[in-house]
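See below for the structure under consideration.
Only a predicted model underlies this, so the values are computations on that prediction, with no experimental measurement involved. Nothing fancy with the numbering, it's 1 onward along the sequence.
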Amino acid sequence: MKNLKNIDFLLFDLGNVIINIDYSFTINELKNRLPKDKHGLTETFYPAKFHKDYEKGLIDTSEFRSEVRNHFEVDWSDLEIDFLWNSLLKDIPSERINLIQNLSGRFQLGVLSNTNELHIQALDQILERDFQIPSLNPLFDHVFYSHDLKLAKPDPAIYEKVVELIGVSPEKILFFDDLKENLLGAEQVGYQTYHIDHPKALIHFFEDVQ
């Protein structure tokens, strides 16, 4: 039986922790729209500097779309770019929403995600469609997005910023993420962490929590 009496704040990543995501789906969608000689460009799409800049709010959505067009040497419309970009966002299992709702009141709850304006707009639409919830704000006490903070995981500065904003000692924060490098960044600041390594990991973790 896990005892979380020394934990005051539960902090959750979004991708593959709250919402299922599939990068390979987007890559395949891109390849379906590109000539074969440009398929190699998909390999450098997610690691590209403009993607990281967008994630940190250093460029806006209009600039991001222009960078996508330049990267792939295409003249795609805004709507097509937005569709492709958001296509990695899949479903939010209802059991995860139920879990968050059940944890509310017992702990302070927060989200910390490397994300961007377009993904959050699409996420809000999924929440509204499937759960009649307009955004993450009714579910969590604090919602932190990288593009708002102008910082991104695993930079320790983003975890330090969260500590400053919520006023909770880092050792009293338990952080859930699917990427080990993000957990290591949090541990450098003093967070307790838990690796989400399969779709049921979050649900299973709380099955035996007092």
Inter-residue atom distance [X].[atom1] - [Y].[atom2], 0.5 Å rounding:
X: Leu30; Y: Thr42; atom1: CG; atom2: OG1; value: 7.0 Å
X: Ser113; Y: Leu149; atom1: OG; atom2: CG; value: 10.5 Å
X: Gln132; Y: Glu128; atom1: CD; atom2: CD; value: 6.5 Å
X: Asn137; Y: Leu127; atom1: CG; atom2: CG; value: 10.0 Å
X: Glu160; Y: Gln188; atom1: CD; atom2: CD; value: 9.0 Å
X: Thr193; Y: Asn182; atom1: OG1; atom2: CG; value: 10.5 Å

[X] and [Y] aromatic centres sub-6.0 Å:
X: His71; Y: Phe50; result: yes
X: Phe205; Y: Tyr194; result: yes
X: Phe45; Y: Phe72; result: yes

Under the criterion side-chain contact (heavy atoms from CB on, under 4.5 Å), I'd like the reasoning laid out for Phe12 against Leu109: C-alpha separation, chi angles, the key distance, then a yes or no. CA-CA 8 Å; Phe12 303 88; Leu109 305 176; 4.1 Å; yes
What heavy-atom pair brings [X] and [Y] nearest, and what distance separates the two atoms?
X: Asp124; Y: Leu136; answer: OD1-N, 4.4 Å
X: Leu118; Y: Asn86; answer: O-OD1, 3.3 Å
X: Gln108; Y: Val168; answer: NE2-CG2, 3.9 Å
X: Lys172; Y: Asn6; answer: CG-O, 3.5 Å
X: Leu34; Y: Lys38; answer: CD1-O, 4.1 Å
X: Leu123; Y: Leu14; answer: CD2-CD1, 3.9 Å

Path from [X] to [Y] over hydrophobic side-chain contacts below 4.5 Å:
X: Phe176; Y: Ile203; result: yes
X: Trp76; Y: Ile59; result: yes
X: Ile126; Y: Ile100; result: yes
X: Phe64; Y: Phe83; result: yes
X: Leu99; Y: Phe175; result: no

Under 3.5 Å, is there a donor on one side chain and an acceptor on the other for Glu29 and Ser87? no
Answer with yes or no whether the side chains of Asn20 and Arg96 bring together a donor and an acceptor at under 3.5 Å. yes
Considering only heavy atoms from C-beta outward, does the side chain of [X] approach that of [Y] to under 4.5 Å?
X: Leu179; Y: Leu183; result: no
X: Asp13; Y: Ile196; result: no
X: Gln192; Y: Ile173; result: no
X: His119; Y: Leu89; result: yes
X: Leu112; Y: Val162; result: yes
X: Ile92; Y: Asp130; result: no
X: His147; Y: Ile120; result: yes
X: Leu11; Y: Val111; result: no

So for atom [atom1], which belongs to [X], do other residues, nucleotides or ligands contribute more than 12 heavy atoms lying within a distance under 6.0 Å?
X: Tyr23; atom1: OH; value: no
X: Asn70; atom1: CG; value: yes
X: Lys52; atom1: NZ; value: yes

Has the side chain of [X] got a donor or acceptor atom that lies under 3.5 Å from a matching backbone atom of [Y]?
X: Arg69; Y: Val74; value: no
X: Asn16; Y: Ile21; value: yes
X: Asp155; Y: Ile158; value: no
X: Ser146; Y: Glu55; value: yes
X: Thr26; Y: Leu88; value: yes
X: His195; Y: Asp178; value: yes
X: Ser169; Y: Glu171; value: no
X: His51; Y: Tyr46; value: yes
X: His39; Y: Lys31; value: yes
X: Ser104; Y: Gln101; value: no

Charged N to carboxylate O under 4.0 angstrom, [X] versus [Y]?
X: Lys153; Y: Asp177; value: yes
X: Lys180; Y: Asp197; value: no
X: Lys49; Y: Glu67; value: no

With side chain to side chain donor-acceptor pair (under 3.5 Å) as the criterion, how do Ser62 and Asp60 come out once you've worked through the C-alpha distance, each side chain's angles and the decisive distance to 0.1 Å? CA-CA 6 Å; Ser62 177; Asp60 64 20; 4.6 Å; no
From CA spacing to verdict: side-chain contact (heavy atoms from CB on, under 4.5 Å), Asn116, Tyr145: CA-CA 7 Å; Asn116 55 82; Tyr145 297 140; over 6 Å; no
Set out, in order, the CA-CA distance, both residues' side-chain angles and the distance that settles side-chain contact (heavy atoms from CB on, under 4.5 Å) for Arg106 and Val209, then state yes or no. CA-CA 12 Å; Arg106 295 176 56 194; Val209 167; 4.0 Å; yes
What's the verdict on side chain to side chain donor-acceptor pair (under 3.5 Å) for Thr61 and Glu117, showing C-alpha distance, side-chain angles and the deciding distance? CA-CA 7 Å; Thr61 295; Glu117 182 182 45; 2.4 Å; yes
Decide side-chain contact (heavy atoms from CB on, under 4.5 Å) for Ile27 and Glu43; before the verdict, give the C-alpha distance in whole Å, the side-chain angles of both, and the deciding distance to 0.1 Å. CA-CA 8 Å; Ile27 295 299; Glu43 297 176 9; over 6 Å; no
Do Lys90 and Phe25 form a cation-pi contact, if we require the NZ or CZ to be under 6.0 Å from the six-membered ring centre and within 45 degrees of the ring's axis? yes
Pick one: which of Tyr191, Phe9, Phe144 meets ring-ring contact (aromatic ring centres under 6.0 Å, His included) with Tyr159? Tyr191
